[in-house]
Amino acid sequence: MESPSLLRLLLLTVSLCCRPNKASLTLRPSTAQLFVRESLDLSCEEDSAGWTVKRNTTKKNMTECGDTWGDPAASSCTIFYTLPSDSGVYWCESREGATSNTVNITVTGGDVILQSPVLPVMEGAAVTLNCTTRTPSNLPADFYKDGSFIRTESTGQMTIHHVSKSDEGLYHCNISGYGQSPSSWLAVAVSPTTTTPTTPAPPPAPLLSPVRLLCHLVVFCPYCISTLLLVSLWRQRSAGPEPPVSMATVQGLDDEYDDVIADVTTEHDF
Ligand SMILES: *[C@@H]1O[C@H](CO)[C@@H](O)[C@H](O)[C@H]1NC(C)=O
Ligand SMILES: *[C@@H]1O[C@H](CO)[C@@H](O)[C@H](O)[C@H]1NC(C)=O
Ligand SMILES: *[C@@H]1O[C@H](CO)[C@@H](O)[C@H](O)[C@H]1NC(C)=O
């Protein structure tokens with residue numbers, strides 16, 4: 001009689017603990033390099049409110065949008081006037097300490113940028129790297145990977161048609177008469193179906209922070225203990241010398257289980 005209730009409690013616990021709690025940071029414009037005096041929108045696309053944009057720069061680590069930089073809005077942030085000092089790594093963070101993907105951003109005072117995807121490119125997909133001056137120019141550009149010259153593209157755009165893991169690296173470009181762009185990391189994601197043992201994808205970052213885990217444990221322990229007590233009590237009674245447990249008693253116990261479940265549901269629906 002107790003097993004369906006226990007099962008329900010277990011399922012509830014699992015579903016609460018493992019509820020997706022993640023966000024991804026997206027940029028507008030979606031490029032890893034920007035000129036100075038541009039506007040940049042950073043938003044946390046999330047399944048629940050309460051995420052803030054944070055960053056590490058060479059000057060200061062772990063600062064939050066609104067501290068000394070950026071204008072925060074609900075789960076997003078705008079930098080209206082980019083400066084070279086805005087270069088750094090950006091991410092979204094929840095109140096519980098869960099973090100999103102990170103994005104490297106470089107703001108240059110120079111005259112050339114390399115526009116490349118900020119998010120990892122899927123293996124097999126096509127990617128276009130655009131080498132450009134502040135006013136879109138379509139001038140010929142030289143492309144480099146990890147410091148080595150690849151080729152010249154007459155329109156300033158280099159397309160890789162079928163991206164593979166070996167295309168991952170640090171890219172930059174230059175345009176004659178204007179100069180060189182900063183370098184940006186192009187990340188390649190291996191899709192699960194094409195994963196081979198020689199190129200394992202990095203494990204996903206843990207979404208359940210230690211604080212959140214502790215919170216779950218503290219919350220659920222009393223319920224788990226009381227449930228176990230109820231179960232053992234019921235076992236003792238049915239095994240004891242007293243007359244067999246009547247249906248009314250079992251019904252009463254069942255109601256108690258339901259109360260426990262109701263409590264869990266109402267108090268911890270965060
Ligand atoms: C930001 O800086 C902190 C403190 O130095 C470091 O622990 C953290 O890993 C950095 N975060 C990223 C995404 O680089
Ligand atoms: C950011 O840049 C560093 C150094 O170039 C690189 O190791 C890291 O993988 C980059 N992170 C992302 C998310 O591209
Ligand atoms: C890029 O820089 C290299 C080295 O400074 C130079 O030889 C080359 O001509 C430049 N390419 C373009 C397209 O400006």
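Since the model is a prediction, treat every value here as computed from it, not as a measurement. In each ligand, atom 1 is the first atom listed, and ligand 1 is the first ligand listed.
- Of the options Asn130, Thr128, Thr132, Thr31, a side chain to side chain donor-acceptor pair (under 3.5 Å) to Gln115 is made by Asn130 and by none of the others.
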For residues 59-67, tabulate all N or O donor-acceptor pairs below 3.5 Å that involve a side-chain atom, not counting sequence neighbours.
residue, atom, partner, partner atom, Å
Thr63, OG1, Trp69, NE1, 3.0
Asp67, OD2, Glu64, N, 2.9

Pairs under 3.5 Å, N/O atoms on ligand 1 and on the protein: can you put them in a table with the distances?
residue, atom, partner, partner atom, Å
ligand 1, 2 (O), Asn56, OD1, 3.3
ligand 1, 2 (O), Asn56, ND2, 2.3
ligand 1, 2 (O), Asn61, ND2, 3.4
ligand 1, 5 (O), Asn61, ND2, 2.8
ligand 1, 11 (N), Asn56, ND2, 2.9
ligand 1, 14 (O), Asn56, ND2, 3.4

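- Here Lys54 pairs with Glu93 under the salt bridge (Lys or Arg N to Asp or Glu O under 4.0 Å) rule; sequence neighbours left out.
- Note on Val118 and Ile113: separate hydrophobic clusters, where clusters join Ile, Leu, Val, Met, Phe, Trp and Tyr whose side-chain heavy atoms are under 4.5 Å apart, directly or indirectly.
- The salt bridge (Lys or Arg N to Asp or Glu O under 4.0 Å) test applied to Asp41 returns Arg28, not counting sequence neighbours.
- Relative orientation of the Phe149 and Tyr144 rings is perpendicular, given thresholds of 30° and 60° on the angle between their planes.
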